Amino acid sequence: MTIVTGFVTRILNRYPWHVSAVILAGLAVSMVAATDYIHNVVRPRQEQALLERVGTEIELAEWRFERKRYAPAMKQYRYVLRAFGDTVAAAETGRIQDRIGLCHYHLAENGEAEQNLSSAIEAFGKSLALRPVATAPADYAATQLHLGDAYRALTLNKGTAETMDKAIEAYRNGLSVVAKDEDPVGFAAGQTSLANAHRDLFVLGQEEHDMDRALAHYQNALGVLAPTRNPVAFGATHTEMGRAYMVFAKYKYRRRYLKAAEKSFAAVLKVFTSENHPRRHAQTQAHIGDTYTLLAALKPKSRSDRGASIQRSIRYQNKAKTAYRVAESFGIRARSAASAAAAPVPEDDKE
């Protein structure tokens, strides 16, 4: 800087003061113009280019995620946070952390379940810290439900109920900010998740209050859904409730719960037709085929009921075969009749 100052001074000393003043003024104007250009043209362009670069990198991660390429998607999301973390807004960082958690959650289905689910729980926690309920209630609710799913999956992986309470807490936290009148589908999803958690707790401990709570939450979900207005959510909820009835039938009131399962799956078939939801329709046919197979295996209610029981069994077997054929025509591998009938018959099966 001293060298430059000395050089300018020597140049200016060669001219009269008024010429030097004009030169200095010109230099000043040039510096102001250069500074203004840098601040108002160059830097905005650089910032815009950086934002476009970040957007492109995030789009690549999203593209991979939507195509269920979870490992490369997670790697891309982490690269974005590592390389451009200072540029990405807090809310967007929270969304990316939620995506990372979902990647771990899905990867847990294919291996290293406990490690992936623990990483998912950690990522969802980071997401919630950046998307609090006060500023982003919808995002907060969604991530709480994801957190509940991760804790529930961890419980099922371990085979003990120790983390299911955390799953239920997360589901309840999510539901606490979902208005059923404004978001009936979201409310129903949370209620169904709670029901599934209690269904799993019943299997782990056979506590009847968990069975009652599960059925109550399924009914809460169905109470806000209409088959014409919310067909997918309506069908999905009835599917889970039908599966719950089949689970409960293994332990008690076999005939009653299997008939309830049959009714639930029949409701599903009304909204998941072979034309508008072929895959879901086929899966439901497989479920109802299993239900008919189990109904066909029921013992007579009494000695006098043996003849009628045989006739019922034949009808249910035929219905099961028809349902399985439909499922298999869509590529759904149906459960064998032998394995379906192998479920234990409870001692108090009087209904």
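Computed from a predicted structure; not experimentally measured. Side chains are part of it too, since the values below use all heavy atoms of this structure and drop only hydrogens, waters and symmetry mates.
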In the single-linkage hydrophobic clustering (I, L, V, M, F, W, Y; side-chain heavy atoms under 4.5 Å), do [X] and [Y] co-cluster?
X: I58; Y: L60; answer: no
X: L107; Y: Y79; answer: yes
X: L258; Y: L269; answer: yes

(request) Could you go through the side-chain contact (heavy atoms from CB on, under 4.5 Å) check for D181 and F187 one step at a time? (result) CA-CA 9 Å; D181 295 333; F187 177 82; over 6 Å; no
(message) Against L295, only a single residue in K319, R315, E262, Q317 fulfils side chain to side chain contact (heavy atoms under 4.5 Å, CB included); can you say which?
(response)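 Exactly one candidate clears the test, E262.
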(message) Less than 6.0 angstrom from the centroid, inside 45 degrees of the normal: does R279 satisfy that with respect to the ring of F330?
(response)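 No, R279 and F330 do not form such a contact.
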Quick one: [atom1] on [X] to [atom2] on [Y], what's the gap to the nearest 0.5 Å?
X: Y171; Y: M164; atom1: OH; atom2: CE; result: 7.5 Å
X: K158; Y: E114; atom1: NZ; atom2: CD; result: 5.0 Å
X: R131; Y: E92; atom1: CZ; atom2: CD; result: 9.0 Å
X: T291; Y: K263; atom1: OG1; atom2: NZ; result: 14.5 Å

(request) Verify whether one side chain among N173 and Y140 offers a donor that lies under 3.5 Å from an acceptor in the other. (result)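 No - no donor-acceptor pair under 3.5 Å links their side chains.
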(message) Between T273 and N276, is there a side-chain donor-acceptor contact under 3.5 Å, judged purely by atom types and distance?
(response)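 Looking only at side-chain atoms, T273 and N276 do form a donor-acceptor pair, the distance falling under 3.5 Å.
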(message) With a 6.0 Å cut-off on the ring centroids, do F124 and Y105 count as close?
(response)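 Not close enough - the centres of the two rings lie 6.0 Å or further apart.
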(request) Establish, yes or no, whether a centroid distance under 6.0 Å links the rings of H198 and F202. (result)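 No: the rings miss the under 6.0 Å criterion.
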(request) Grab the two heavy atoms, one from G148 and one from A167, that are nearest each other, plus how far apart they are. (result)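 Minimum heavy-atom separation between G148 and A167: O-CB, 3.4 Å.
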Measure the shortest side-chain to side-chain distance between [X] and [Y] over non-hydrogen atoms and say whether it is less than 4.5 angstrom.
X: L215; Y: Y245; result: yes
X: D210; Y: R199; result: no
X: L222; Y: M241; result: yes
X: V133; Y: Q144; result: no

Using only atom types and a distance under 3.5 Å, with no angle test, would you say the side chain of [X] pairs donor to acceptor with the backbone of [Y]?
X: S329; Y: V326; answer: yes
X: T284; Y: R280; answer: yes
X: N116; Y: E112; answer: yes
X: D183; Y: G186; answer: yes

(request) Please assess E328 against R325 for the test salt bridge (Lys or Arg N to Asp or Glu O under 4.0 Å), listing each intermediate value before the final yes or no. (result) CA-CA 5 Å; E328 289 170 354; R325 279 198 297 269; over 6 Å; no
(message) Less than 4.0 angstrom from a charged side-chain N to a carboxylate O is my criterion; do E62 and R95 meet it?
(response)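 Judged by the 4.0 Å cut-off on N to carboxylate O distance, E62 and R95 do form a salt bridge.
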(request) May I have the step-by-step check of side-chain contact (heavy atoms from CB on, under 4.5 Å) for I96 and I100, ending in yes or no? (result) CA-CA 6 Å; I96 290 175; I100 290 173; 4.1 Å; yes
(request) Hey, can you tell me if Y316 and Y292 have their rings parallel, tilted or perpendicular (30° and 60° cut-offs)? (result)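 Parallel, since the angle between the ring planes stays under 30°.
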(message) Which label fits H106 and Y70: parallel for a plane angle under 30°, tilted from 30 to 60°, or perpendicular past 60°?
(response)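 Because their plane-to-plane angle is under 30°, the rings of H106 and Y70 count as parallel.
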(message) If you apply the rule salt bridge (Lys or Arg N to Asp or Glu O under 4.0 Å), what do you find for E169 with K166, and how did you get there?
(response) CA-CA 5 Å; E169 180 184 6; K166 292 182 178 180; over 6 Å; no
(request) May I have the step-by-step check of side-chain contact (heavy atoms from CB on, under 4.5 Å) for I314 and I310, ending in yes or no? (result) CA-CA 6 Å; I314 293 172; I310 292 173; 4.1 Å; yes
